[in-house]
A.B. asks: 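This is the structure, below, for whatever I ask next.
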Amino acid sequence: MLGDWKRSHYCGQVTAEDIGKEVCLMGWVQRRRDHGGLIFIDLRDREGIVQLALDPDRDPESHGKADRVRNEFVIAVKGMVSPRPEGTVNPKMKTGEVEVEISELRILNTAKTPPFMLDEYTDVAENLRLKYRFLDLRRESIQRNLILRHNVAQTVRHYLAGKGFLEIETPVLTKSTPEGARDYLVPSRVNPGTFYALPQSPQLFKQLLMVSGFDRYFQIVKCFRDEDLRADRQPEFTQIDCEMSFVDREDVISVMEGMIAAVFRETLGVEIPIPMPRITYSEAIDRFGVDNPDMRFGLELSDITDLVRDSGFKVFTDAVKNGGLVKALNVKQGGGFSRKELDDLTEFVKIYGAKGLAWVKMTENGWQSPIAKFFNEEELAAINRNLDAKTGDLLLFVADSFRTANEALGRLRGHLGQKLGLIDRDAYRFVWVTDFPLLEWDGETRRHVAVHHPFTAPMDEDIPFLDSDPGRARAKAYDLVLNGSEIGGGSIRIHDQTVQSRMFSLMGIGEEEARNKFGFLLDALDFGAPPHGGIAFGLDRLVMILTGSDSIRDVIAFPKTQKATCLMSEAPGVVDEKQLKELSIRVIARPK
RNA sequence: GGGGCUGUAGUAGAGUCGGUUACAACGCCGGCCUGUCACGCCGGAGGUCGCGGGUUCGAGUCCCGUCAGCCCCGCCA
């Protein structure tokens with residue numbers, strides 16, 4: 001079929017510099033324009049599109065073949081690169097100054113009419129795109145995303161290798177561990193009744209590599225979590241996973257800032273200032289209500305608990321009495337919000353558990369608000385001063401538990417940032433969030449659970465709290481947040497077996513269970529574990545931001561739907577009885 | 001487990017208060033056209049209104065259920 005033809009150029013790379021050259025191109029037919037005499041074909045490959053001109057006077061045979069060509073046919077052509085005639089240059093195309101005058105054309109394969117148009121003009125239903133993903137992936141925008149993703153991976157490998165990191169693979173068939181997300185399980189045929197788990201991350205293995213003395217490790221690695229999906233969450237996703245020995249937090253952060261800066265430089269040509277800003281967890285919650293603040297705009301939260309604790313407004317005073325707080329936002333010049341819009345905002349905070357949203361419009365005559373009557377002059381003045389309330393402003397309040405008030409108002413801040421256009425779409429605002437709590441009380445299981453993971457080291461000065469008040473201990477943990485999205489997180493690990501055992505017992509993991517689940521880690525800590533720490537970045541989320549994608553599916557070649565199925569391969573699927581029998585598995589539910 | 005949005009030719013949409021044969025565009029097929037580039041002109045084919053049930057003389061339209069896709073809460077150390 002190809003005979004002795006060899007491609008000489010990618011379509012998208014034929015330029016004015018090639019004028020006069022004989023070229024051989026291969027690709028897909030993007031579009032054919034038949035003028036009766038002249039036929040133009042836009043030929044496409046991954047690098048772009050170039051126009052072919054077929055003149056019946058030059059070569060009737062190839063012109064005749066071009067007549068039969070349809071969209072998405074695969075063809076090979078030979079011809080001369082020529083300047084386009086005066087007035088026919090297309091400035092919208094990278095290759096628009098030239099065209100290829102075809103002397104020979106071969107149809108390498110035909111194609112059925114695609115189920116949807118492969119252009120950038122039609123918004124095709126995503127389920128159809130996913131069913132025919134191999135066609136969807138021909139579209140330029142998705143190809144661009146995946147090429148950028150490749151460039152990120154290449155930059156990361158190059159940067160980390162240059163800093164002495166070794167790329168080492170860890171097992172995919174491994175062991176289920178307590179804590180964390182639901183595991184994907186794989187039955188063992190050789191050991192009936194037992195299961196491997198796919199890794200939620202290579203956490204334990206990378207720590208063991210440090211104990212083994214590899215000093216610096218990284219891996220671009222698939223991780224698996226059997227939890228419900230979101231616009232930025234897939235059951236299998238990719239981490240840039242790193243670990244370093246003989247380091248403290250500052251070492252990890254500075255190496256990783258360099259890596260992120262290199263990625264932005266190489267992929268977008270954007271210079272990221274380093275060192276990046278930092279904020280402690282408690283300050284993030286206080287000012288923004290969430291631990292992943294979007295630093296592209298202000299609209300910070302205020303705590304007015306002390307100003308209203310003795311007021312006449314029962315909703316506020318009850319929240320305070322129950323140990324909660326009252327937090328507020330001042331939406332500058334937001335006084336024009338309609339009743340409907342305020343109702344919508346109230347519905348919005350209810351999603352996050354808030355019971356309601358109090359509002360105040362600042363007018364020339366003071367507060368216009370359903371709750372104005374509950375406050376005396378002194379209280380009004382104090383609140384106004386605290387929030388810097390001016391005529392035309394809109395004040396919003398949530399009174400609830402510490403957690404709910406912060407979460408609801410913090411999310412409302414993000415929502416308003418979008419709605420009011422406060423966000424610069426071209427900005428990249430990084431912030432390290434540090435000093436996370438080590439443990440969190442889980443009322444349901446009545447025990448402490450690790451905020452980061454069970455191997456995270458407590459801050460040295462907080463170790464005494466492990467005995468007296470475990471909830472007060474802070475962790476040597478850090479997250480990197482970009483534009484309100486957590487793109488990475490890590491910690492300095494526990495390298496001392498006694499501290500690790502104490503952590504397990506605080507989390508209600510008994511000695512026997514700990515030995516059973518993590519025995520190999522505890523053993524390793526006993527055999528000369530160096531101080532070590534690391535971090536993992538979510539590659540998918542990072543690429544989402546770099547490409548401006550709203551969906552993680554736009555940066556993954558073959559993603560799954562919200563119900564975790566693949567519409568193309570139709571995974572997951574039923575299997576033969578024979579396969580089940582070999583695995584000693586009996587199915588108790590059949591698909592609908 | 002819960003809340004919300006969407007579903008009409010191959011595609012993306014319109015479809016009034018429930019009323020004749022469900023529209024026009026893009027794509028597709030045929031014809032014409034030698035400088036277009038999301039080419040143009042003429043003609044043609046193409047429909048299980050997601051699926052099931054109900055109300056009604058009559059349902060794309062109203063009601064109930066269900067399926068699928070998407071967004072969110074819970075969940076995701």
Side-chain angles (χ1 to χ4, degrees), chain A residues 30-43 49-58 63 70-72 82 84-93 95-96 99 101 112-132 135 177-183 200-201 203-204 223-235 237 347-354 407-408 411 415 436-440 442 444 448-456 475 477 486 489-491 503 507 509 536 538 550-551 553 559-563 565 567 592:
Chain A
Q30 176 73 18
R31 217 176 286 274
R32 187 184 65 120
R33 290 178 294 281
D34 184 348
H35 288 255
L38 264 182
I39 295 176
F40 296 106
I41 290 175
D42 290 338
L43 192 66
I49 290 173
V50 69
Q51 173 166 284
L52 314 179
L54 292 110
D55 190 329
D57 301 334
R58 186 168 46 245
H63 182 271
R70 292 294 178 272
N71 285 351
E72 301 308 316
S82 313
R84 293 199 185 179
E86 190 79 31
T88 64
V89 166
N90 186 346
K92 283 185 285 186
M93 293 176 74
T95 62
E99 64 190 9
E101 293 178 349
K112 293 204 287 188
T113 301
F116 52 89
M117 273 174 280
L118 300 179
D119 58 32
E120 302 291 331
Y121 307 100
T122 318
D123 251 343
V124 180
E126 196 170 4
N127 56 349
L128 197 67
R129 288 173 50 199
L130 291 177
K131 179 173 178 187
Y132 296 96
L135 296 179
T177 54
E179 305 288 310
R182 199 175 290 113
D183 287 317
Q200 297 175 27
S201 83
Q203 183 60 36
L204 294 174
C223 302
F224 305 87
R225 295 179 188 174
D226 186 5
E227 298 293 348
D228 286 345
L229 290 79
R230 287 287 189 279
D232 62 353
R233 251 160 54 186
Q234 285 269 306
F237 61 100
E347 289 308 306
F348 183 87
V349 296
K350 283 182 177 171
I351 294 172
Y352 302 96
E407 165 102 8
R411 298 292 194 134
H415 178 70
F436 280 81
L438 183 66
L439 297 161
E440 193 176 37
D442 180 4
E444 209 172 298
H448 285 101
V449 294
V451 168
H452 186 53
H453 59 53
F455 320 109
T456 299
E486 183 204 321
S491 62
M503 279 291 288
M507 290 184 294
I509 300 173
D550 291 326
S551 167
R553 295 179 298 281
K560 294 190 171 49
T561 67
Q562 192 165 53
K563 284 187 73 184
T565 66
L567 295 178
K592 290 173 203 167

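Model, not experiment: these values are computed from the prediction. Labels below follow one simple rule: chain letters A, B, ... track the order of the sequence lines, proteins then strands, and each chain is numbered from 1.
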A.B. asks: Which whole number of Å gives the distance between the C1' atom of G54(B) and that of A59(B)?
C.D. replies: 11 Å
A.B. asks: Can you tell me which nucleotide in C37(B), U34(B), U36(B) comes closest to the side chain of Phe40(A)?
C.D. replies: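 Ranking C37(B), U34(B), U36(B) by closest atom to the Phe40(A) side chain puts U36(B) first.
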A.B. asks: Of all heavy-atom pairs between Asp55(A) and His63(A), which one has the smallest distance, and what is that distance?
C.D. replies: C-CD2, 4.3 Å
A.B. asks: If you check every side-chain atom of Thr561(A), which of G69(B), C39(B), U11(B) has the closest atom?
C.D. replies: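 Taking heavy atoms from C-beta onward, the closest nucleotide is G69(B).
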A.B. asks: Asp119(A) near the nucleic acid: base, sugar-phosphate alone, or nothing, with a heavy-atom cut-off under 4.0 Å?
C.D. replies: nothing
A.B. asks: Would you say Thr565(A) reaches G69(B)'s phosphate, i.e. side-chain N/O to OP1/OP2 under 4.0 Å?
C.D. replies: yes
A.B. asks: Does the base of C76(B) carry an N or O that pairs as donor and acceptor with the side chain of Arg233(A) under 3.5 Å?
C.D. replies: yes
A.B. asks: Does a side-chain heavy-atom distance below 4.5 Å link Met503(A) with Leu438(A)?
C.D. replies: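 Yes, side chains in contact.
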A.B. asks: Indicate yes or no for a side-chain donor-acceptor contact from Gln30(A) to the backbone of Leu118(A) under 3.5 Å, with no hydrogens or angles considered.
C.D. replies: yes
A.B. asks: Using a cut-off of 4.0 Å on non-hydrogen atoms, how would the nucleic acid contact of Val124(A) be classed: base, sugar-phosphate, or nothing?
C.D. replies: sugar-phosphate
A.B. asks: Over all strands shown, is Thr456(A) touching base, sugar-phosphate only, or nothing at heavy-atom distances under 4.0 angstrom?
C.D. replies: nothing
A.B. asks: Roughly how many Å apart are G27(B) and C72(B), using the C1' atom of each and rounding to a whole number?
C.D. replies: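 One C1' to the other, the span is 35 Å.
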A.B. asks: Counting side-chain heavy atoms from C-beta on, which of A68(B), C37(B), C71(B) comes nearest to Gln51(A)?
C.D. replies: C37(B)
A.B. asks: Once you apply the 3.5 Å cut-off to both distances, tell me the Watson-Crick or G-U wobble partner of U11(B), or none.
C.D. replies: A25(B)
A.B. asks: Quick one: Leu135(A) CG to G27(B) C1', roughly how many Å, whole number?
C.D. replies: 15 Å
A.B. asks: Could you tell me whether the phosphate oxygens of C39(B), OP1 or OP2, come under 4.0 Å of any side-chain nitrogen or oxygen in Arg33(A)?
C.D. replies: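 So the side-chain polar atoms of Arg33(A) do come within 4.0 Å of the phosphate oxygens OP1 or OP2 of C39(B), strictly under.
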A.B. asks: Pairing check on G40(B): which nucleotide meets the Watson-Crick or G-U wobble criteria with it, both distances under 3.5 Å?
C.D. replies: C32(B)
A.B. asks: Answer yes or no: does a side-chain N or O of Asn71(A) lie under 4.0 Å from OP1 or OP2 of C28(B)?
C.D. replies: yes
A.B. asks: Classify the ring geometry of Phe348(A) against His415(A): parallel below 30°, tilted from 30° to 60°, perpendicular beyond 60°.
C.D. replies: parallel
A.B. asks: My understanding is that only residues two or more places apart in sequence, or in another chain, count here; which of them pass side-chain hydrogen bond (donor to acceptor under 3.5 Å, both in side chains) with Glu99(A)?
C.D. replies: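 In terms of side-chain hydrogen bond (donor to acceptor under 3.5 Å, both in side chains), with neighbours along the sequence ignored, Glu99(A) is linked to Gln51(A).
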A.B. asks: Hey, does Pro115(A) reach any base, or is it just sugar-phosphate, or nothing, if we go heavy atoms under 4.0 Å?
C.D. replies: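 Sugar-phosphate, no base atom in range.
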A.B. asks: The side chain of Thr88(A) is closest to which nucleotide in this list: C72(B), C26(B), G35(B)?
C.D. replies: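 Among the listed nucleotides, the one closest to the side chain of Thr88(A) is G35(B).
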A.B. asks: So Arg84(A), base contact, sugar-phosphate only, or nothing? Heavy-atom distance under 4.0 Å.
C.D. replies: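 Base contact.
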A.B. asks: What nucleotide among C75(B), C26(B), G35(B) has an atom nearest to a side-chain atom of Asp228(A)?
C.D. replies: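 Nucleotide nearest to Asp228(A)'s side chain: C75(B).
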A.B. asks: Using Watson-Crick or G-U wobble geometry with both distances under 3.5 Å, which nucleotide pairs with C70(B)?
C.D. replies: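 C70(B) is paired, partner G4(B).
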A.B. asks: If we take the C1' atom in both C23(B) and G46(B), what is their distance in whole Å?
C.D. replies: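 Straight-line distance between the two C1' atoms is 14 Å.
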A.B. asks: Report the distance from atom CG of Asp55(A) to atom C1' of C33(B), rounded to the nearest whole Å.
C.D. replies: 15 Å
A.B. asks: Under a 3.5 Å limit for both distances, which nucleotide forms a Watson-Crick or G-U wobble pair with G65(B), could you say?
C.D. replies: C51(B)
A.B. asks: Ala181(A) side chain: which of C73(B), C71(B), C76(B) is closest?
C.D. replies: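 The nucleotide sitting nearest to the side chain is C76(B).
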A.B. asks: Give the nucleotide from the list C76(B), A12(B), C72(B) with an atom nearest to the side chain of Ile351(A).
C.D. replies: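 The answer is C72(B).
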A.B. asks: Do side-chain atoms of Arg225(A) reach the backbone of Gln200(A) as a donor and acceptor pair under 3.5 angstrom?
C.D. replies: yes
A.B. asks: Hey, does the side chain of Lys563(A) come within less than 4.0 Å of A68(B)'s phosphate (OP1/OP2), counting only N and O?
C.D. replies: yes
A.B. asks: Quick one: do Arg553(A) and Glu126(A) make a salt bridge, cutoff under 4.0 Å?
C.D. replies: yes
A.B. asks: What is the pairing partner of C76(B), taking Watson-Crick or G-U wobble pairs with both distances under 3.5 Å in any strand?
C.D. replies: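 Pair assignment: C76(B) / none.
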A.B. asks: Please report the distance, rounded to the nearest Å, between CE in Met93(A) and C1' in A38(B).
C.D. replies: 12 Å
A.B. asks: Does G69(B) have OP1 or OP2 sitting under 4.0 Å from an N or O in the side chain of Lys131(A)?
C.D. replies: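 Result: no.
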A.B. asks: Taking the P atom in each of U20(B) and G10(B), what is the distance between them to the nearest angstrom?
C.D. replies: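 23 Å, rounded to whole Å.
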A.B. asks: Could you check whether any side-chain N or O of Gln234(A) sits under 3.5 Å from a backbone N or O of Leu229(A), counting only pairs where one atom can act as donor and the other as acceptor?
C.D. replies: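 Such a contact is absent between Gln234(A) side chain and Leu229(A) backbone.
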A.B. asks: Out of G35(B), U11(B), C37(B), which nucleotide sits closest to the side chain of Leu38(A)?
C.D. replies: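 Nearest nucleotide to the side chain: G35(B).
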A.B. asks: Answer with base, sugar-phosphate or nothing: what part of the nucleic acid does Ile49(A) contact at a heavy-atom distance below 4.0 Å?
C.D. replies: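 Since no nucleic acid heavy atom lies under 4.0 Å of Ile49(A), the category is nothing.
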A.B. asks: Base, sugar-phosphate, or nothing: which does Ala125(A) touch, judged by heavy atoms less than 4.0 Å apart?
C.D. replies: sugar-phosphate
A.B. asks: Base, sugar-phosphate alone, or nothing: which one does Arg70(A) contact when heavy atoms must sit under 4.0 Å apart?
C.D. replies: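 The answer is sugar-phosphate, as Arg70(A) gets under 4.0 Å only of primed atoms, P, OP1 or OP2.
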A.B. asks: Which nucleotide sits closest to the side chain of Ser551(A): C33(B), C71(B), C76(B)?
C.D. replies: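 Shortest atom-to-atom distance from the side chain points to C71(B).
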A.B. asks: Considering every strand and a 4.0 Å limit on heavy-atom distances, what is the contact class for Arg411(A): base, sugar-phosphate, or nothing?
C.D. replies: sugar-phosphate
A.B. asks: Is the phosphate of G74(B), meaning OP1 or OP2, less than 4.0 Å from a side-chain N or O of Arg230(A)?
C.D. replies: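 For G74(B), neither OP1 nor OP2 has a side-chain N or O of Arg230(A) closer than 4.0 Å.
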A.B. asks: How many Å lie between CG on Asp42(A) and C1' on U36(B), as a whole number?
C.D. replies: 9 Å
A.B. asks: Under 4.0 Å, counting only non-hydrogen atoms across every strand here, what does Glu99(A) touch: a base, just sugar-phosphate, or nothing?
C.D. replies: base
A.B. asks: Specify the separation, in whole Å, of atom CE of Met117(A) and atom P of G10(B).
C.D. replies: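 The distance from CE of Met117(A) to P of G10(B) comes to 13 Å, rounded to the nearest Å.
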A.B. asks: At under 4.0 Å between heavy atoms, what does Arg553(A) touch on the DNA or RNA strands: base, sugar-phosphate, or nothing?
C.D. replies: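 Answer is sugar-phosphate: Arg553(A) comes under 4.0 Å of backbone atoms only.
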A.B. asks: Quick check: do Phe40(A) and His35(A) have side-chain heavy atoms less than 4.5 Å from each other?
C.D. replies: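 Side chain of Phe40(A) against side chain of His35(A), heavy atoms only: contact under 4.5 Å found.
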A.B. asks: Can you check the distance between U66(B) and G47(B), where both ends of the measurement are the C1' atom (answer in whole Å)?
C.D. replies: 23 Å
A.B. asks: Could you please name the option among G27(B), C72(B), G74(B) that lies closest to any side-chain atom of Gln562(A)?
C.D. replies: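 Of the options given, the side chain of Gln562(A) lies nearest C72(B).
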A.B. asks: Whole-Å distance between G30(B) P and Arg32(A) CZ?
C.D. replies: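 Between P of G30(B) and CZ of Arg32(A): 9 Å.
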